[in-house]
Amino acid sequence: MPAHEGLPVTEAVAAVLTSLGADTVFGVVGSGNFKVTNALIGRGARYLAARHEGGAAVMADAWARMSGRPGVLSVHQGPGLTNAMTGITEAAKSRTPLVVLAADVAAAAVRSNFRIDVAALATSVGATAFRLHSPGFAVDDTVRAYRTAAHERRTVVLALPLDVQAGRCELPAIEPLGAAEAVQPSPAAVASLADALRGARQPVFIAGRGARIAGAGPDLERLADRCGALLATSAAGKGLFRGSPWDLDVSGGFASPLAAELIFNADLVVGWGCSLNMWTLRHGKLIGPDTDVVQVDHEPDAIGAHQSVQFGVTGDVGVTARAVSGLMGGEPDGSDIGYRSAALRDRIAGEARWRDVPYDDESDDGRIDPRTLTVALDDLLPAERIVAVDSGNFMGYPSMFLSVPDADGFCFTQAYQSIGLGLASAIGSAIARPDRLTVAALGDGGALMGISELETVVRLGLPMVLVVYDDEAYGAEVHHFGPDGDPLDTVRFPPADIAQIGRGFGCDGVTVRGTGDFGPVRKWLDGPRERPLVIDAKVTSQHGSWWLEEAFRGH
C-alpha cells in the first residue's frame, strides 16, 4: 500500500472502538498514547484524565461495572502500563470488560528503557493479551480485543507498538458488536435442580456478580417465590434483591446474625453466578452439616472451585432460572412455602439489617463509633446513592450499615484487596451514574494513598461525598498483630487533618468526632453541592473487624 493511502493506524483503532460503542476513555497521556487518545476524542469519545494511571485504571473498571459496557483505558508505554497494573489486576480478577490501550516500543527497540514484556505482564495478573502485529491487521486485532472484552467479560491489554501506530491501513466496514450468546444449561441439569428445589424444606439462594451482570434478579425472585427460598447475595451482588421481604442482604463475613443463622440452617443453598468463596461462606462455616449445595455458573471451571457441591449447572444464570421455573409448575405464591412464613417475614423485617442489631456505642469525647457514624450517614444521605468502598479494616461498616437502592448502588472493588482504590472507583461510578450521589467510603490509609485523584474529583466537578474512617493506622494490621504483642510503629501514623487536606484540593471539609458534628453535612446535602464534601471521621478503634479477623485467622 503506498504510504499516502489509508488511515493512520491510530485513527483506524479509534474508528473501530467508537463504532463498536466505546464513548468514554480514561487515562494519562504520554507520547506513546497521545495520538490514539486524541483520535478517540476526535471521533466523539469523552476523555477523562486521571492524575495517575493506577487511578485511571480503577476509574475505567468502576465505570464498566456501573454502566454495563466495556471500559477503555489509555496508557503510555512502559511506566504508564506498570503504574496501572494494580487497577488492571482488580479488573481482571473481577472479570470486568475492559480494553487497555497500552502503547509499546517498536519491535526493533530492544534496548529501549521502556521495553517490557507486555503480554507476560498482562497474563500474569489474569488479563488477556492482544497486540497490533502489523498495520494491515490493526483493524482485525482491535475488533478481536473489543469483542473479547465485551462477549467474554475479560480485561484485555492491547499492545500498540509505536512502529505499527505509525503505519497506515484501510478501514473496512465494522460489523455491529451484537449480544453475546447465552450459555444454555442442559435439560438434565435443569431437571436435577428443579427436583432439588421441590424436595427442599428450607432453600436459600445466594446470588453473586454473575447474577447481577446477567440482570437475573427478577428471574431469581420469581423462582424463589415458586419454591419458598430466602434470598441473599455475595458482597459484589449487594442490592440485587432490595425491596423483597425475603432479602437477607449479604452472606458471608458481612452477614447479619439473622442472615448467618438462616443460611446455616438451610437444607439447600444454591449459588447463582457466585463463586461461593471463603468470604461468601465464611470458610464454609455458613454451610450446615445437613446442607446440600448446588452452583449455577456459565463457566464450568467455576463450579466447585471454592466449595464442594452436590452438583453444578453450567449455564447462564437468568436462562437457567427461567428454565427451572418452567419445570416447577403452578403460579408463584411467594409466601408460606419452603423456608417462608409470616413469622419469619416479620423477623427479617426487624432483624436482617445491621442497623437493627443492638450494640454498645463506644463513642467517646474525641472519637465516634464507626457504627454510629455510618447509621447517621445512612439517615442523612439520599436514598438514590452509589456506595464505593475501599479495602481495609473499616470496610464492613459502610458495606453493612449503608443501604443501597439496588445492585447498581454498590461498587465493591475487592477482588484484589488493595487499599487505595476506593476514591478512583467512586469517580468512575459517579461518571457512569451522574443521576445518583456517589459516596466514597475510605480508610485513612487508602484515602491518603489515592489522594492525588481528589484533584480529579474537583476538576471534573463531581458532587461526591468522601467519608474517611480515620483511625490513624493501618487498622487491619494493628488488630491482627497487636494481640500477639508485635510492635505496631510501622502501621500507626500521627494525626492528619484530612478535612483540611480536602479543602486544600478545593473540597468542602468537615471533621466529625461525635453525633453533634453532622450539621455541616446536612447543610451540604441541602445546598447546591457545588464542591465535593470530605468528611474526616475520627473513629474509635478498640476492636478489629470480625470479618477480616475471620479471614486472617481462619476461625
Side-chain contact test, heavy atoms from C-beta onward, threshold under 4.5 Å: evaluate it for [X] versus [Y] and give yes or no.
{"X": "Leu462", "Y": "Ile427", "answer": "yes"}
{"X": "Leu466", "Y": "Leu533", "answer": "no"}
{"X": "Val16", "Y": "Leu171", "answer": "yes"}
{"X": "Leu158", "Y": "Thr142", "answer": "yes"}

Please check this pair: side chain of [X] against backbone of [Y], looking for a donor-acceptor N/O pair closer than 3.5 Å.
{"X": "Arg531", "Y": "Val458", "value": "no"}
{"X": "Arg282", "Y": "Gly252", "value": "yes"}
{"X": "Arg433", "Y": "Asp408", "value": "no"}
{"X": "Thr123", "Y": "Ala120", "value": "yes"}
{"X": "His306", "Y": "His283", "value": "no"}
{"X": "Arg147", "Y": "Leu177", "value": "yes"}
{"X": "Arg459", "Y": "Ala49", "value": "yes"}
{"X": "Arg209", "Y": "Gly237", "value": "no"}
{"X": "Gln307", "Y": "Leu276", "value": "no"}

In terms of relative ring orientation, are Tyr469 and Tyr397 parallel, tilted or perpendicular, with 30° and 60° separating the classes?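 Taking Tyr397 first and then Tyr469, their aromatic rings lie parallel (interplane angle under 30°).
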
Should the pair [X]-[Y] be classified as a salt bridge under the 4.0 Å nitrogen-to-oxygen rule?
{"X": "Arg46", "Y": "Asp23", "answer": "no"}
{"X": "Arg51", "Y": "Glu453", "answer": "no"}
{"X": "Asp61", "Y": "Lys93", "answer": "no"}

Please lay out, stage by stage, how Asp508 and Arg503 fare under the test salt bridge (charged side-chain N to carboxylate O under 4.0 Å, His left out). CA-CA 6 Å; Asp508 289 330; Arg503 288 190 286 269; over 6 Å; no

Is a donor from one side chain sitting under 3.5 angstrom from an acceptor on the other, for [X] and [Y]?
{"X": "Ser94", "Y": "Arg65", "result": "yes"}
{"X": "Thr37", "Y": "Ser74", "result": "yes"}
{"X": "Glu90", "Y": "Thr413", "result": "no"}

How far apart are the C-alpha atoms of Arg436 and Asp406, what are their side-chain angles, what is the distance that settles it, and do they pass the salt bridge (charged side-chain N to carboxylate O under 4.0 Å, His left out) test? CA-CA 12 Å; Arg436 292 184 172 183; Asp406 51 36; 2.6 Å; yes

Are Tyr474 and Phe493 an aromatic pair by the rule of ring centers under 6.0 Å? yes

Please find out if less than 6.0 Å separates the ring center of His76 from that of Phe34. no

Passing candidate, salt bridge (Lys or Arg N to Asp or Glu O under 4.0 Å) with Arg131, options Asp104, Asp117, Asp141: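 Of the listed options, the one satisfying the test is Asp104.
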
Verify salt bridge (charged side-chain N to carboxylate O under 4.0 Å, His left out) between Arg144 and Glu152, making sure each step is shown before the conclusion. CA-CA 11 Å; Arg144 286 193 305 117; Glu152 299 181 24; over 6 Å; no

Starting at CG of Leu220, measure out to CD1 of Ile206 and round the result to the nearest 0.5 Å.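 Answer rounded to 0.5 Å: 12.0 Å.
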
Apply salt bridge (charged side-chain N to carboxylate O under 4.0 Å, His left out) to the pair Asp249 and Arg242, showing each step before the final yes or no. CA-CA 8 Å; Asp249 203 23; Arg242 189 65 71 244; 3.2 Å; yes

